[in-house]
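Heads up: the structure comes next, in structure tokens.
A note on names: the letters A, B, ... follow the listed sequences, proteins ahead of strands, and every chain is numbered from 1. Worth knowing before you read on, the calculation uses all heavy atoms, side chains too, and leaves out hydrogens, waters and symmetry mates.
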2 protein chains.
Amino acid sequence: MESATLTTRSWLSERRRFVEAGGNTTHSFGLGRMIGRAYALLYLTPEPMALEDIALSLSVSKASASIVVRQLSSWHALRQVWIPGDRRDYYEAETNFSIILKEGIMPGLRKKLQSAGLQIERSMSAESGAVSLDCSRTSEDDRIFTREQRAELRRRLKTAQSLHRRADRVLTSKLLSRFL
Amino acid sequence: MESATLTTRSWLSERRRFVEAGGNTTHSFGLGRMIGRAYALLYLTPEPMALEDIALSLSVSKASASIVVRQLSSWHALRQVWIPGDRRDYYEAETNFSIILKEGIMPGLRKKLQSAGLQIERSMSAESGAVSLDCSRTSEDDRIFTREQRAELRRRLKTAQSLHRRADRVLTSKLLSRFL
DNA sequence: TCCATCGTTTAGAATAAATTAAACGTTCTG
DNA sequence: CAGAACGTTTAATTTATTCTAAACGATGGA
């Protein structure tokens with residue numbers, strides 16, 4: 001064992017920078033900063049970490065750590081590890097990104113898209129059900145649409161629906177997973 | 001022209017619901033609520049709208065409308081329309097989603113990914129540059145990594161880098177655009 | 001030129017989100 | 001059984017974001 005086992009402090013400060021960069025990345029994607037910081041930390045920590053270690057390393061309360069760990073776990077981005085003779089919960093990063101993508105992120109995305117798709121369908125049936133009247137405009141809020149405009153509306157709703165379907169298909173298919 | 005030109009109020013309230021749903025969707029994707037509301041409004045409005053119309057329809061100030069319109073324009077999600085004899089700026093929705101995706105969203109995503117990729121590279125060179133020492137631990141903050149752990153770190157950084165590259169390739173390639 | 005009408009900027013207020021300390025329930029240990 | 005060590009929940013605070021009103025510069029008539 002002549003060659004060595006202690007990394008210099010420079011590497012540790014580099015890891016800190018990595019952690020902050022992870023936080024900035026997730027934050028810029030609208031996911032909050034803690035998520036990226038926690039995952040990045042565990043990604044660059046070869047041994048499992050206990051909740052308190054995580055909290056200390058990130059300089060946040062145990063409560064925050066608890067929440068972020070739960071979030072990451074629900075995305076399959078973290079795996080819980082039990083260490084015999086230790087009551088604490090240990091976590092390590094799931095390093096297989098396609099698992100995180102397939103099991104964690106994609107389902108979440110699909111769920112969000114689904115509610116959008118529902119609204120599109122509702123609007124489509126509302127549009128086709130909308131009775132056209134010639135007179136009796138009851139308020140200023142009412143608006144006139146020509147026949148051509150109504151046709152355009154229908155066209156747009158159809159386009160939106162087809163986009164939605166294709167997006168869902170992309171998320172469902174293994175195609176994207178294969179690439180990532 | 002016996003058949004008619006005035007949609008009932010029910011359609012207009014449906015449009016309002018569509019607008020709110022759009023807002024909720026973009027909000028759930030971390031983009032803020034106004035973006036989705038504004039785009040949805042213009043998407044379901046066949047004629048171009050002036051800034052103030054948008055503000056009134058969404059019940060927000062002209063300042064907010066101005067900001068959100070600029071944002072959407074930068075994504076190529078809105079097109080500016082000039083109406084002769086009218087000083088105001090009119091906007092209409094870009095209904096070709098692949099343009100929005102290719103010109104507006106993808107470049108933004110790539111830019112965000114790029115800064116993450118930069119950090120990965122920096123960490124890789126820091127890791128390989130990290131000198132191993134046997135003694136002279138200077139502070140509690142220093143940590144021991146075994147040779148195996150350092151190898152694992154390198155492996156993980158490489159994995160992250162390759163994921164990053166593939167993600168960038170997916171965003172760059174026409175593949176995704178073809179599907180959407 | 002002067003006034004009215006735009007769209008934008010900005011500083012401050014309102015709103016939403018993240019974070020924490022403290023209380024709580026559980027589980028292990030002595 | 002009592003106490004300590006966990007992780008979670010909650011209510012309150014802090015922080016960040018979003019939104020607005022007012023001021024501003026620019027542009028186009030009168």
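Atom P of nucleotide dT20(D) and atom NZ of K62(B) are separated by 13 Å, given to the nearest angstrom. Going from atom CH2 of W82(B) over to atom P of dC6(C) covers 17 Å, rounded to whole Å. The CG-P distance, from D89(B) to dT27(D), rounds to 12 Å in whole Å. Nucleotide dA16(D) holds its P atom 13 Å from the CG atom of N24(A), rounded to whole Å. Note: CD1 (I83(B)) to C1' (dT5(C)) measures 16 Å, nearest angstrom. The distance from atom CG of L78(B) to atom P of dG7(C) is 13 Å, rounded to the nearest whole Å. Here dT8(D) presents its P atom at 8 Å from CD of Q80(A), a figure rounded to the nearest Å. In this structure, the CG atom of L58(A) is 10 Å from the P atom of dT20(C), given to the nearest Å.
Looking at S123(B) and Q119(B), their side chains do bring a donor and an acceptor atom within 3.5 Å of each other. Checked by atom type, the side-chain pair T146(B)/R150(B) shows no donor-acceptor distance below 3.5 Å. For the residue pair E47(B)/Q149(A), the side-chain donor-acceptor check at 3.5 Å is satisfied.
Map V69(A) and R33(B) each onto its nearest nucleotide of DNA chain D; the residue landing nearer the 5' end is V69(A). Comparing H27(A) and D86(A) by the nucleotide of DNA chain D whose heavy atom lies nearest to each, the residue mapping closer to the 5' end is D86(A).
Listed for the R88(B) side chain is no donor-acceptor partner under 3.5 Å among the backbone atoms of L51(B). The backbone N or O of V68(A) sits nowhere less than 3.5 Å from a side-chain atom of Q71(A) that would complete a donor-acceptor pair.
With dT8(D), dT8(C), dA17(C) as the choices, the nucleotide that has an atom nearest any side-chain atom of S66(B) turns out to be dT8(C). For R70(B), the listed nucleotide lying nearest its side chain is dT9(C); candidates were dT9(C), dT27(C), dG7(D). Closest to the R88(B) side chain, of the nucleotides dA17(C), dG7(C), dT8(C), is dG7(C). Of the candidates dC6(D), dG7(C), dT5(C), the closest approach to any side-chain atom of R87(A) belongs to dC6(D). Closest to the S61(A) side chain, of the nucleotides dT8(C), dG7(D), dT20(C), is dT20(C). Looking at the side chain of A63(B), the nearest of the listed nucleotides dG28(D), dC6(D), dT20(D) is dT20(D).
When heavy atoms are screened at a 4.0 angstrom cut-off, V60(B) is found touching the sugar-phosphate backbone but no base atom.
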